Amino acid sequence: MPGTVHVFPGQGDFAVSMLLRGAADSPPLRRTAESVFDEIDERAVGRGLRPLRRWLFGDRPPGGRELAHAAPGTLQLALFGASMSVHRALCARLGEPDAVLGVSFGEIAALTAAGVYTVADGAGIAHDLALVLATCPGGLTLLSGDERAAEQLIGRADTRDVVVACVNDDAETLVGGPLAQLERVEEEARRSGTAAVRLRLPFGSHHPSYTSQARRFARDVRRYPVAEARTAAYSAVAGRRYEKDDDLALRLADCLVRPVRLPDVLGRLGKLRTCDFYEAGTGSALARSVGRVLAAEGPGNGAAHGTIHGPAVRAPLADGDFDWASPADAGPPQTSGAPPQTSAGLPQTSAGLPQSSAGPPQSSAGLPGAPAR
């Protein structure tokens with residue numbers, strides 16, 4: 001049986017409805033999620049937020065828009081809890097992963113999954129980040145094409161304050177900066193036939209102008225105790241594995257000022273690239289980008305949903321193709337040792353960029369603290 005890597009997305013592909021549907025269909029997943037949100041509520045209630053377990057799994061659960069209009073940070077705690085729920089359910093079924101990989105906001109959940117932070121403290125960090133992001137002006141635009149194409153668009157638009165924010169794969173890049181300059185990049189993209197979609201965010205991220213916000217967030221993170229990781233943890237912003245001597249407060253704060261480059265960190269995984277990858281979230285955009293990057297390395301190096309021989313890349317909650325029951329609940333696992341594969345994916349725009357049926361376009365790298373999905 002191959003090893004596993006759990007990949008934790010940012011906010012750009014979060015839909016609370018997927019978590020609620022999965023929990024309704026699977027009693028083991030629901031029990032896991034309720035346990036996770038009990039731990040999160042220890043922090044949420046202390047900060048004056050509505051307890052999420054009773055709200056999400058009660059008679060009248062909220063939709064994405066309702067979560068977005070709740071107290072600041074509520075949506076971020078829901079995303080963090082969803083990721084931790086999927087991670088724990090995967091562990092119950094398949095065992096602990098060989099490594100975890102965090103992308104943007106997902107780095108908080110990845111470090112929590114690795115044992116560096118408790119769930120309650122991870123929730124506190126997620127809430128702290130949400131409050132900091134509210135002070136980050138600007139926006140982000142999703143472009144079709146690779147990083148070089150995005151930089152060429154920025155240059156032709158003469159927008160020196162717009163930067164590459166997230167490189168998901170050769171087909172998808174996010175750029176960020178002041179709103180007026182983003183409009184010029186989008187106009188240039190339209191003239192050149194490049195798809196450009198503004199993300200519906202009330203803030204920016206992954207931009208060097210947010211240095212003061214990054215310092216504030218680093219101070220916030222230093223309040224939390226840190227344990228030694230029990231699982232190898234990788235960062236898509238740092239582009240490498242976290243080491244024992246890393247200043248994690250600074251590394252997490254880097255998510256505000258440095259870009260995500262998913263292909264780079266996947267290239268640093270070494271033998272872990274032969275593992276099966278599971279998206280620990282509600283969507284599938286990150287899994288699709290991981291699959292595209294691995295497939296570009298050539299046959300035998302994996303593709304989304306196992307479309308070629310090699311490691312499988314799955315988004316089990318979004319695809320609904322996973323038996324969430326632990327072996328104790330369901331008896332012996334399948335002889336293949338892995339859940340069935342599907343070719344299910346996200347609906348696409350005409351330019352091939354993933355788009356959410358609930359509103360804003362989805363980004364595989366994701367963004368910390370985006371509003372309602």
Side-chain angles (χ1 to χ4, degrees), residues 5-11 36 39-40 42-44 46-47 73 76-77 79-81 83-84 87-88 91 96-133 135-136 165-166 205-208 210-262 264-266 268-270 272 280-281 286 365-369:
V5 176
H6 294 182
V7 292
F8 293 80
Q11 182 90 23
V36 166
E39 296 176 64
I40 289 173
E42 294 177 21
R43 189 71 61 185
R47 298 193 178 192
Q76 286 71 28
L77 293 187
L79 167 57
F80 172 79
S83 287
M84 290 305 302
H87 162 73
R88 283 190 176 177
C91 290
E96 292 286 334
D98 294 80
V100 296
L101 167 60
V103 179
S104 193
F105 180 86
E107 300 208 9
I108 301 170
L111 287 170
T112 303
V116 174
Y117 298 112
T118 66
V119 170
D121 286 346
I125 295 170
H127 184 252
D128 292 336
L129 180 56
L131 299 182
V132 170
L133 282 166
T135 70
C136 295
C166 301
S205 188
H206 298 288
H207 196 283
Y210 304 136
T211 53
S212 63
Q213 290 93 333
R215 285 194 296 268
R216 171 187 164 186
F217 182 50
R219 288 194 299 269
D220 291 339
V221 175
R222 291 193 198 285
R223 297 178 298 169
Y224 300 93
V226 174
E228 184 174 346
R230 63 174 180 265
T231 304
Y234 287 79
S235 162
V237 170
R240 58 173 175 81
R241 179 178 175 174
Y242 283 115
E243 303 295 344
K244 289 183 180 180
D245 59 352
D246 268 318
D247 185 332
L248 293 180
L250 290 181
R251 296 293 75 78
L252 285 175
D254 281 344
C255 293
L256 288 166
V257 294
R258 293 183 58 190
V260 165
R261 287 190 171 88
L262 183 62
D264 289 356
V265 70
L266 290 174
R268 297 283 185 90
L269 291 181
L272 289 169
L286 177 55
L367 301 165

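For this chain, numbers begin at 1 and follow the sequence in order. Everything numeric in this text was worked out from a predicted model, so none of it was measured.
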Trainee: With the threshold set at 4.0 Å, does a side-chain nitrogen-carboxylate oxygen contact exist between D247 and R222?
Mentor: yes
Trainee: Between V119 and M84, does a side chain to side chain contact (heavy atoms under 4.5 Å, CB included) hold up when you go through it step by step?
Mentor: CA-CA 8 Å; V119 170; M84 290 305 302; 4.3 Å; yes
Trainee: Can you measure from CZ (R216) to CD (Q213) and round to the nearest 0.5 angstrom?
Mentor: 8.5 Å
Trainee: Report, as yes or no, whether the 6.0 Å neighbourhood of atom CZ on R47 holds more than 12 heavy atoms from other residues, nucleotides or ligands.
Mentor: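 More than 12 heavy atoms, drawn from other residues, nucleotides or ligands, come within 6.0 Å of this atom.
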Trainee: Could you check whether any side-chain N or O of S235 sits under 3.5 Å from a backbone N or O of V237, counting only pairs where one atom can act as donor and the other as acceptor?
Mentor: yes
Trainee: Going by atom types only, do H127 and R43 share a side-chain donor-acceptor pair under 3.5 Å?
Mentor: no
Trainee: Side chain to side chain contact (heavy atoms under 4.5 Å, CB included) for H207 and V257? Distances and angles first, verdict last.
Mentor: CA-CA 4 Å; H207 196 283; V257 294; over 6 Å; no
Trainee: Might you work through the side chain to side chain contact (heavy atoms under 4.5 Å, CB included) test for L250 and L248, ending with a clear yes or no?
Mentor: CA-CA 5 Å; L250 290 181; L248 293 180; over 6 Å; no
Trainee: Does a side-chain heavy-atom distance below 4.5 Å link L101 with L266?
Mentor: yes
Trainee: Looking at A99, is its backbone amide N or carbonyl O close enough to the side chain of T231 to form a donor-acceptor pair, meaning the two atoms are under 3.5 Å apart?
Mentor: no
Trainee: Could you give the distance from CG (L252) to OG (S104), rounded to the nearest 0.5 Å?
Mentor: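 Going from CG on L252 over to OG on S104, the span is 10.5 Å.
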Trainee: Look at D246 together with R241 and state whether they make a salt bridge at an N to O cut-off of under 4.0 Å.
Mentor: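 No, no charged N to carboxylate O under 4.0 Å.
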Trainee: For the side chain of R223 and the backbone of D220, is there at least one donor-acceptor N/O pair under 3.5 Å apart?
Mentor: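 Yes.
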Trainee: Using 4.0 Å as the upper bound for N to carboxylate O, is an ion pair formed by E107 and R258?
Mentor: no
Trainee: Would you please test V7 and V103 for side chain to side chain contact (heavy atoms under 4.5 Å, CB included) and show each step?
Mentor: CA-CA 8 Å; V7 292; V103 179; 5.8 Å; no
Trainee: With a 4.0 Å cut-off, would you call R219 and D128 a salt bridge?
Mentor: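 Salt bridge absent between R219 and D128.
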Trainee: So, T135 side chain and V132 main chain: donor-acceptor pair closer than 3.5 Å or not?
Mentor: yes
